[in-house]
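Some notes on the structure that comes next.
Naming convention: chains lettered A, B, ... in sequence-line order (proteins, then strands); numbering from 1 in each chain. Being a predicted model, the structure only gives us computed values, none of them experimental.
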Amino acid sequence: MANPKKLQKLPRSFYSRDSLIVAPELLNKVLRCHDGRAGRIVEVEAYRSDDPAAHSYRGRTPRTEVMFGAPGHMYVYFTYGMHWCANAVCGPQGVGNAVLIRALQPIAGLDLMHAARPLAKNDRQLCNGPACLTQAMSITKLQNGVDLVSGDRYALVDDDVPPPERPVQTTRIGISKAMDYPWRWYVGESLYVSKK
DNA sequence: TGTGCGATTACG
DNA sequence: GTAATCGCACAC
């Protein structure tokens, strides 16, 4: 990492704000696994309970229980019969905000990532999509609800690389509702985003 | 109890 | 362009 001596977990207060605020600030933060795997967040999308595209839009259900829980926890959902996607729960508890992590630039433990995701033909294909990065980082339903602040298996950390001054902002990918909301952000210079 | 559909990916 | 694949949410 850029500054190994300055690594601090994002505090609970970071997550307790609206996901529209948190999402662009998560760019360039680091998702770290206890076994050494780590990747820099280069693409995110915000979801909210007043947002027709959000899982939380129709209220609390068994699936979205974590999304309505305390901020700073990981909301992992299953989709298309085979894929897992990871979010950071944001906003006040009970509201249903989250930020979907859509792509990482792998920065450590790349050998372990390749082992966990053998279909990736190169480093760029390890984490360039929401379901790709969960494979590379071994995130499944077992991680649904883990605490990113006080837990020791997965954490989001700040290594003093600031978010980009001018992140690229676009509409979100792969949704069929609220398609006009410009709630996707990515690092424009990054080679590791899912789509440009 | 039944059914349509994904916050996707990989391959032809 | 499209098959793969299954749990969930909601209709019946």
Nearest-nucleotide pick for His83(A), side chain only, options being dA10(B), dA9(C), dT8(B): dT8(B)

Nucleotide dG7(C), atom P - distance to OH of Tyr80(A) in whole Å: 17 Å

Does a nitrogen or oxygen in the side chain of Arg117(A) sit under 4.0 Å from OP1 or OP2 of dA10(B)? yes

Selection from dT9(B), dA7(B), dA9(C) that lies nearest to any side-chain heavy atom of Ile175(A): dA7(B)

Nearest listed nucleotide, side chain of Cys132(A), among dA10(B), dG6(B), dA7(B): dA10(B)

When you check the phosphate oxygens OP1 and OP2 of dG7(C), does a side-chain N or O of Arg63(A) lie under 4.0 Å from one of them? no

Taking 4.0 Å as the cut-off, does a side-chain nitrogen or oxygen of Arg102(A) come that near to OP1 or OP2 on dT8(B)? yes

Between dA7(B), dT9(B), dC10(C), spot the one nearest the side chain of Leu100(A), thanks. dA7(B)

Looking at the side chain of Thr64(A), which of dC10(C), dG6(B), dA9(C) is the nearest nucleotide? dA9(C)

Show the numbers, then the answer: is there a side-chain contact (heavy atoms from CB on, under 4.5 Å) between Val76(A) and Lys141(A)? CA-CA 6 Å; Val76(A) 183; Lys141(A) 63 179 175 186; 5.6 Å; no

Please state whether the rings of Tyr75(A) and His55(A) are parallel, tilted or perpendicular, taking 30° and 60° as the class boundaries. perpendicular

Does NZ or CZ of Arg17(A) lie under 6.0 Å from the centre of the six-membered ring of Phe14(A), at an angle within 45° of the ring axis? yes

At less than 4.0 Å, is any side-chain N or O atom of Thr61(A) found next to OP1 or OP2 of dA9(C)? Yes or no. yes

With both distances under 3.5 angstrom, what nucleotide forms a Watson-Crick or G-U wobble pair with dA3(C)? dT9(B)

Counting only side-chain heavy atoms from C-beta out, which of dA10(B), dA9(C), dT8(B) sits nearest to Ala131(A)? dT8(B)

Taking only the side-chain heavy atoms of Met82(A) (C-beta and beyond), determine which of dA7(B), dA4(C), dT9(B) contains the nearest atom. dA4(C)

Mark yes or no: Arg172(A) above the aromatic ring of Tyr47(A), with NZ or CZ under 6.0 Å from the six-membered ring centre and no more than 45 degrees from the axis. yes

Whole angstrom is fine here: how far is it from CZ in Arg58(A) over to P in dA7(B)? 11 Å

Length of the line joining Tyr181(A):OH and dA7(B):C1', which is rounded to integer Å: 15 Å

Using whole Å, report how far OH of Tyr75(A) lies from P of dA7(B). 9 Å

Short side-chain N/O contact to dT8(B) OP1/OP2 from Ser194(A), under 4.0 Å: no

Answer yes or no for this row: Tyr47(A) ring on dA7(B) base, centroids under 5.5 Å, planes under 30°. yes

Picking from dG7(C), dT8(B), dC11(B), which would you name as closest to the side chain of Phe78(A)? dG7(C)

